[in-house]
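Comments concern the structure below.
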Amino acid sequence: KAALQPLNNALSLSIQFKNDAAHANVLQAIGIAYKRLGQPADALKQYQESLAIKRKIGDRRGMAASLREIAQIQQSLGSPQEAVKSYNDALALQRELSDRSGTALTLIGLGGVLNEALGRPGEALPPFREALSLMREEGDRGGEALALNNIGVAYQAKGEFSEAQTYYERALDIRQQLKMPRELADT
């Protein structure tokens with residue numbers, strides 16, 4: 001709760017000075033804090049309020065970020081169909097904005113819901129592959145490894161263990177090169 005005090009102060013100031021952009025950004029930050037504190041319902045409320053303000057002021061990039069956060073919370077709260085809708089709404093905005101990095105991260109989230117929450121690994125592969133392509137085009141090696149690892153997870157879920165191993169090994173190689181110990185353990 002003490003960690004939220006500075007954010008609550010910033011929220012009060014953004015309201016006092018009628019700064020909608022700052023208000024939306026602080027709400028987003030409070031949502032992130034609640035998420036990290038393990039309070040997803042509170043996080044969702046903050047993200048939804050932030051999204052409403054971003055819609056009002058036309059902050060499309062911010063809307064996409066809020067929608068992606070909302071989707072993550074919806075998935076964690078056991079609402080995967082709602083998460084798919086939120087990810088797709090975020091994707092539409094990110095594609096319009098040519099936000100390749102954001103698009104790639106959203107595709108990974110979408111693929112994760114399809115694979116893990118809905119048990120549809122075959123449907124998860126196209127978003128993961130598109131994310132892989134975008135990460136490579138952007139030169140994001142860590143993102144490339146994340147996409148490769150997720151493709152491996154989907155193949156494993158399909159029972160295609162040889163194919164899964166190939167992708168895991170590619171992800172592992174990149175993560176070793178980048179010295180990413182936590183991600184190495186994940187792979």
Are [Y] and [X] connected into the same hydrophobic cluster when the rule is that any two of I, L, V, M, F, W, Y join if their side-chain heavy atoms are below 4.5 Å apart?
{"X": "L105", "Y": "I70", "value": "no"}
{"X": "M63", "Y": "L97", "value": "no"}
{"X": "Y47", "Y": "L77", "value": "yes"}
{"X": "F161", "Y": "F128", "value": "no"}

Give me the atom names and distance for the closest heavy-atom approach of [X] to [Y].
{"X": "P80", "Y": "A117", "answer": "CB-CB, 3.7 Å"}
{"X": "G111", "Y": "A124", "answer": "O-CB, 3.3 Å"}
{"X": "Q94", "Y": "A64", "answer": "CG-CB, 3.6 Å"}
{"X": "A2", "Y": "P6", "answer": "O-CD, 3.5 Å"}
{"X": "A164", "Y": "G152", "answer": "CB-O, 3.3 Å"}

Any chance you could pull the hydrophobic cluster mates of V84, using side-chain heavy atoms under 4.5 angstrom and chaining through other members? Y87, L91, L107, L110, V113, L114, L118, L134
Through direct or indirect side-chain contacts below 4.5 angstrom among Ile, Leu, Val, Met, Phe, Trp and Tyr, which residues connect to I57? none
Does N8 offer a backbone N or O that forms a donor-acceptor pair with the side chain of S12 under 3.5 Å? yes
Going through the checks in order, is the side chain to side chain contact (heavy atoms under 4.5 Å, CB included) test met by K54 and N25? CA-CA 9 Å; K54 290 172 182 175; N25 289 334; 4.2 Å; yes
Quick one: do the [X] and [Y] side chains pair a donor with an acceptor below 3.5 Å?
{"X": "Y155", "Y": "Q165", "answer": "no"}
{"X": "Q46", "Y": "D42", "answer": "no"}
{"X": "Q72", "Y": "K35", "answer": "yes"}
{"X": "N19", "Y": "S14", "answer": "no"}

Under 4.5 Å between any side-chain heavy atoms of [X] and [Y], yes or no?
{"X": "Y34", "Y": "K45", "answer": "no"}
{"X": "L172", "Y": "L148", "answer": "no"}
{"X": "L146", "Y": "E183", "answer": "no"}

Could I get the full list of salt bridge (Lys or Arg N to Asp or Glu O under 4.0 Å) partners for [X], not counting sequence neighbours?
{"X": "K179", "answer": "none"}
{"X": "D89", "answer": "K85"}
{"X": "E160", "answer": "K158"}

For V153 and Y168, run side chain to side chain contact (heavy atoms under 4.5 Å, CB included): C-alpha distance rounded to whole Å, both residues' side-chain angles, the deciding distance at 0.1 Å, then the answer. CA-CA 8 Å; V153 170; Y168 285 142; 3.5 Å; yes
Apply side chain to side chain contact (heavy atoms under 4.5 Å, CB included) to R175 and D186, showing your working. CA-CA 10 Å; R175 288 174 167 175; D186 187 43; 4.1 Å; yes
Euclidean distance, [Y] [atom2] relative to [X] [atom1], rounded to 0.5 Å:
{"X": "T187", "Y": "Q176", "atom1": "OG1", "atom2": "CD", "value": "9.0 Å"}
{"X": "T103", "Y": "E138", "atom1": "OG1", "atom2": "CD", "value": "9.5 Å"}
{"X": "Q75", "Y": "Q81", "atom1": "CD", "atom2": "CD", "value": "11.5 Å"}
{"X": "I32", "Y": "L27", "atom1": "CD1", "atom2": "CG", "value": "11.5 Å"}
{"X": "S50", "Y": "E69", "atom1": "OG", "atom2": "CD", "value": "9.5 Å"}
{"X": "L51", "Y": "K56", "atom1": "CG", "atom2": "NZ", "value": "13.0 Å"}

Taking it one step at a time, do E144 and R136 satisfy salt bridge (charged side-chain N to carboxylate O under 4.0 Å, His left out)? CA-CA 6 Å; E144 180 181 347; R136 283 180 172 158; 3.0 Å; yes
Between E130 and R95, is there a salt bridge with N-O shorter than 4.0 Å? yes
How would you list all residue pairs meeting side-chain hydrogen bond (donor to acceptor under 3.5 Å, both in side chains) that involve residues 108-120, not counting sequence neighbours? R120-E123
Evaluate the criterion side chain to side chain contact (heavy atoms under 4.5 Å, CB included) for residue pair R68 and S86; output intermediate values, then yes/no. CA-CA 7 Å; R68 189 171 61 231; S86 294; over 6 Å; no
